[in-house]
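Computed from a prediction, not measured in an experiment: that's the story for all the values here. In what follows, chains carry the letters A, B, and so on, assigned in the order in which the sequence lines appear, proteins first and then strands, with residues in each chain numbered from 1.
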Amino acid sequence: MMKETVKKALEHYFSYREFRPGQREIIEYALRGESVLGILATGGGKSLCYQLPALLFPYMTVVVSPLISLMADQVRQLRSKGIGGIEYINSALAPEEYKWKMKKLRDRKIKILYVSPEKLQQDSFMQQLAGIPVSLFVVDEAHCISQWGHDFRTDYQRLKDCIHRLGDPPVMALTATATSDVQKDICLQLGVPAAHTVKHSLNRSNICYDVQFVGDKKEKDEVLLYKLGSLQGPGLVYFRSRNGAERACALAEQAGISCAYYHGGMPASDRLLVQQQFLNGEITLVFATNAFGMGIDKSDIRFVIHYHLPTDMESYLQEVGRVGRDGAPGYTCLLYMPEDMALPRQLIAEEYPDITQTRDFVHYIAGHQGNISTVQSIAALEEWGLNELHLGILLYHMEKGGWIRSLERTKDGWTFGVADRISGNYQNLFDIMMKRRELRYGRLKEMERWIESRTCRRRQIGDYFSQSHSGSLASCCDRCGIDYSLYEVQPASAIPHTDQAVWDWERELDRLLPL
DNA sequence: CGGGGTAGCTATACAGCTACCCCGGTGCCGTATT
């Protein structure tokens, strides 16, 4: 009977007749009122997993989403299907809009509510939300809990209390990538039994993994330009610096290629424009930092090139995973020289405060025992040289250690209560952060090992996810051999490469001297 | 950490050297009276 209803809803709301692999299983957990962790490859229809049960449940479904733009997209998509009662609440709302939506919330007229993890840490908001019955608590892009929660956006590690305040509704965590460590972290943080995990093979058999070793920056630029000229688009080139993305974009423009760049330092309107143009096919090439990613729902990306290294394999796999979602062959290439390790290493190093900063800040806090205290971000920068991120990390660990409580963000800083008796042992606090940093260096090292390994790259990725990945549809990787003609604009046989033969000499040789 | 840019040096001026400094990612977050 239940099955009948679900099928009907699937057809009625989403116009699908059948579920895609994994969807039914995940939905069934939710309908039974049980928590679940769902791991579905990108483009596998993750949102449907919570949207469908949400429409069948009597009460509201709360969806935690990492990006404001992502919330807006989802709301728009559902509304376009004629589904009502879908709203998001975040800092992007105008005051009147906010008031109006809060009223709608109180009147229990919201069926699916999208919020940021930060919003859930706001006590005034939580008080209102806690008065509304909730049928399901969803964490979309749940790998953020592990990837961002420990340092970049610590509110991702604070969701458990929110769930409890909402009356412990069943939880649904969804993501496209998760190693066993990340799965453990997610389950622990959200109280999902580890056995309630629905996971499908993450092997992307249509992706080719190439790594090209270069001697210096000049050669890297040359290889990049050659690839941009020969590869079939649309394509994406990833950088770890905003400058790098802009520079390469200018270089490509000089070479007569139509393209754009994208990074977090641009005005939102420009970012949206580039994203839209790329989606519409008006631009077929984007030079981007890791800001470009989540919410880019383009299925026909044909190549992803990495000019710089990410800080770990998971980020790398997420980024290359954007290629070929339509199932057609996709080419990925990492351009690498050993010096490239310096940049991600430094990015990791910069993410944590140093020992002096930690000591001074702890001393300050220790001087306010038993009081309500506030710290302004600007003051923290002037006083202790702590940027917004460092301050957030320190407060997060102090909260965890029980030194402070009722931590809340204010307009331009933080407010919190300091415990009566705290040890003030900053060394301990510092060690915890350094342990985390070492862990991140270790993950960068894994990336280095993958690059330098002589064996099949796909197989190693499988090992990384504790799965066995072997089959590939087209070319597998540079260690197994690549048929470049699959990815180039014209088949190599039609137009022999002449002046670019430098990059292709091995293949050229093979062609001239069979066997 | 280490590459890239540049100021400063030399002292016919030039071009070329050195020493030094700079740079390096991801996103939320204000409101309020039912």
Side-chain angles (χ1 to χ4, degrees), chain A residues 64-71 88-109 114-129 131-132 141 143-144 147-156 158 215-218 220-221 238-247 262-266 268 271 288-295 306-312 314-316 318-319 337-351 376-377 387-389 391-392 395 407-415 440-441 444:
Chain A
V64 178
S65 174
L67 262 47
I68 289 174
S69 63
L70 226 54
M71 300 184 206
Y88 63 82
I89 296 181
N90 57 41
S91 66
L93 297 176
E96 316 83 61
E97 251 180 321
Y98 181 78
K99 264 191 223 166
W100 184 81
K101 290 197 183 183
M102 287 306 281
K103 177 160 168 32
K104 192 169 172 183
L105 175 71
R106 282 191 299 271
D107 293 346
R108 306 189 180 185
K109 291 203 173 119
Y114 288 88
V115 289
S116 65
E118 286 82 3
K119 196 79 204 170
L120 291 176
Q121 286 309 311
Q122 212 177 299
D123 192 57
S124 54
F125 176 74
M126 263 315 277
Q127 270 174 25
Q128 307 246 10
L129 193 63
I132 314 297
E141 309 288 358
H143 59 276
C144 292
Q147 189 167 304
W148 286 353
H150 296 281
D151 14 57
F152 179 51
R153 289 175 73 179
T154 53
D155 289 329
Y156 259 108
R158 297 186 175 105
D216 56 24
K217 196 174 163 299
K218 191 166 159 284
K220 202 193 246 188
D221 287 344
Y238 273 110
F239 295 80
R240 249 59 209 172
S241 80
R242 295 171 176 180
N243 246 329
E246 291 194 21
R247 235 196 77 253
Y262 182 105
H263 57 67
M266 294 159 60
R271 290 174 64 166
T289 63
N290 47 339
F292 197 75
M294 274 190 295
H306 275 77
Y307 190 93
H308 289 150
L309 288 170
T311 50
D312 53 69
E314 264 156 299
S315 305
Y316 182 70
Q318 266 169 51
E319 287 164 5
M337 46 186 188
E339 302 93 300
D340 286 340
M341 293 303 292
L343 181 50
R345 197 175 292 142
Q346 185 58 21
L347 285 175
I348 295 170
E350 271 175 2
E351 206 163 323
Q376 300 206 316
S377 301
N387 64 28
E388 198 189 348
L389 246 51
L391 181 60
L395 291 171
L407 180 63
E408 213 178 329
R409 225 185 262 250
T410 61
K411 198 169 148 195
D412 44 20
W414 298 85
T415 170
R440 304 250 271 134
Y441 283 141
L444 177 59

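Note that CD of A:Q318 and CD of A:Q147 are 4.5 Å apart. Values are rounded to the nearest 0.5 Å.
Remark: C1' of B:dG27 and CG of A:L70 are 12 Å apart, rounded to the nearest angstrom. Rounded to a whole Å, the CZ atom of A:R153 is 14 Å from the C1' atom of B:dG25. Between A:K411 atom NZ and B:dC28 atom P the separation is 20 Å, expressed in whole Å. Rounded to whole Å, the distance from CG on A:L444 to P on B:dC1 is 13 Å. Atom CG of A:D221 and atom C1' of B:dG3 are 13 Å apart (whole Å). Taking atom CD of A:Q121 as the reference point, atom C1' of B:dG27 lies 15 Å away to the nearest angstrom. In this structure, A:E118 atom CD and B:dC29 atom C1' are separated by 7 Å, rounded to whole Å. One interatomic measurement links the two molecules: NE2 of A:H263 to P of B:dG24, which rounds to 10 Å at whole-angstrom precision.
A:Q346 comes within 4.0 angstrom of a nucleotide base, judged by non-hydrogen atoms across all strands. When heavy atoms are screened at a 4.0 angstrom cut-off, A:R409 is found touching base atoms of the nucleic acid. Using a 4.0 Å heavy-atom criterion, one finds that A:Q318 contacts no nucleic acid atom at all. Within 4.0 Å of A:I132, counting heavy atoms only, lies no atom of the nucleic acid at all. Within the nucleic acid shown, A:E351 comes within 4.0 Å of at least one base atom, counting heavy atoms only. Nucleic acid contact class of A:N243 (heavy atoms, under 4.0 Å, all strands): sugar-phosphate only. Using a 4.0 Å heavy-atom cutoff across all strands shown, A:H308 reaches no nucleic acid atom at all. Within 4.0 Å of A:P344, counting heavy atoms only, lies no atom of the nucleic acid at all. Residue contacts for A:R158: at a heavy-atom cut-off of 4.0 Å it reaches no nucleic acid atom on any strand shown.
For A:R247, the salt bridge (Lys or Arg N to Asp or Glu O under 4.0 Å) criterion is met by A:D221, not counting sequence neighbours. The salt bridge (Lys or Arg N to Asp or Glu O under 4.0 Å) check on A:K104 picks up A:E87, with sequence neighbours excluded. In this structure, A:D216 has no salt bridge (Lys or Arg N to Asp or Glu O under 4.0 Å) partners at least two apart in sequence or on a different chain. A:Y262 pairs by the side-chain hydrogen bond (donor to acceptor under 3.5 Å, both in side chains) definition with A:R271, not counting sequence neighbours. A search for side chain to side chain contact (heavy atoms under 4.5 Å, CB included) contacts involving A:L343 returns A:R240, A:H308, A:L347, not counting sequence neighbours. When the side-chain hydrogen bond (donor to acceptor under 3.5 Å, both in side chains) test is applied to A:Q127, the partners found at least two apart in sequence or on another chain are A:D123. For A:D412, the salt bridge (Lys or Arg N to Asp or Glu O under 4.0 Å) criterion is met by no residue, not counting sequence neighbours. Here A:E97 pairs with A:L93, A:A94 under the side chain to side chain contact (heavy atoms under 4.5 Å, CB included) rule; sequence neighbours left out. The side-chain hydrogen bond (donor to acceptor under 3.5 Å, both in side chains) test applied to A:K217 returns no partner, not counting sequence neighbours.
Dashed line: the shortest gap from a side-chain N or O of A:R242 to OP1 or OP2 of B:dT26 is under 4.0 Å. In this structure, A:T289 reaches the B:dT26 phosphate: one of its side-chain N or O atoms is under 4.0 Å from OP1 or OP2. Taking 4.0 angstrom as the limit, A:R345 places none of its side-chain polar atoms (N or O) nearer than this to OP1 or OP2 of B:dG3.
B:dC21 and B:dG27 have their C1' atoms separated by 31 Å, with the value rounded to a whole Å. Using C1' as the reference atom, B:dA15 and B:dA11 are 13 Å apart when rounded to the nearest Å. B:dC9 and B:dA13 have their C1' atoms separated by 14 Å, with the value rounded to a whole Å. For the C1' atom pair drawn from B:dT26 and B:dC22, the interatomic distance equals 22 Å after rounding to whole Å.
Comparing A:I68 and A:R247, the nucleotide of DNA chain B nearest to each residue sits closer to the 5' end for A:R247.
A side-chain N or O of A:H306 and one of A:E319 form a donor-acceptor pair less than 3.5 Å apart.
When base pairs are accepted only as Watson-Crick or G-U wobble with both N-N or N-O distances under 3.5 Å, DNA chain B takes part in stems of 3 or more pairs at B:1-10 with B:15-24.
Of the possible polar contacts, none joining the A:E351 side chain to the A:D151 backbone as a donor-acceptor pair under 3.5 Å is found. A donor-acceptor contact shorter than 3.5 Å links the side chain of A:R153 to the backbone of A:P66. One N or O on the side chain of A:K101 and one on the backbone of A:Y88 form a donor-acceptor pair closer than 3.5 Å.
Stacking annotation: A:W148 is not stacked on the base of B:dT26 (requires ring centroids less than 5.5 angstrom apart and an interplanar angle below 30 degrees).
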Set out, line by line, the N/O atom pairs under 3.5 Å between protein and nucleotides 31-34 of chain B.
unit_1: B:dA32; atom_1: N6; unit_2: A:S124; atom_2: OG; d: 2.8
unit_1: B:dA32; atom_1: N1; unit_2: A:S124; atom_2: OG; d: 2.7

Protein-nucleic acid N or O pairs under 3.5 Å, nucleotides 18-22 of chain B:
none

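Between B:dG27, B:dG24, B:dC28, one nucleotide has an atom nearer to the side chain of A:E350 than all others, and that is B:dG24. Nearest to the side-chain atoms of A:K217 among the listed nucleotides B:dG3, B:dG4, B:dG27 stands B:dG4.
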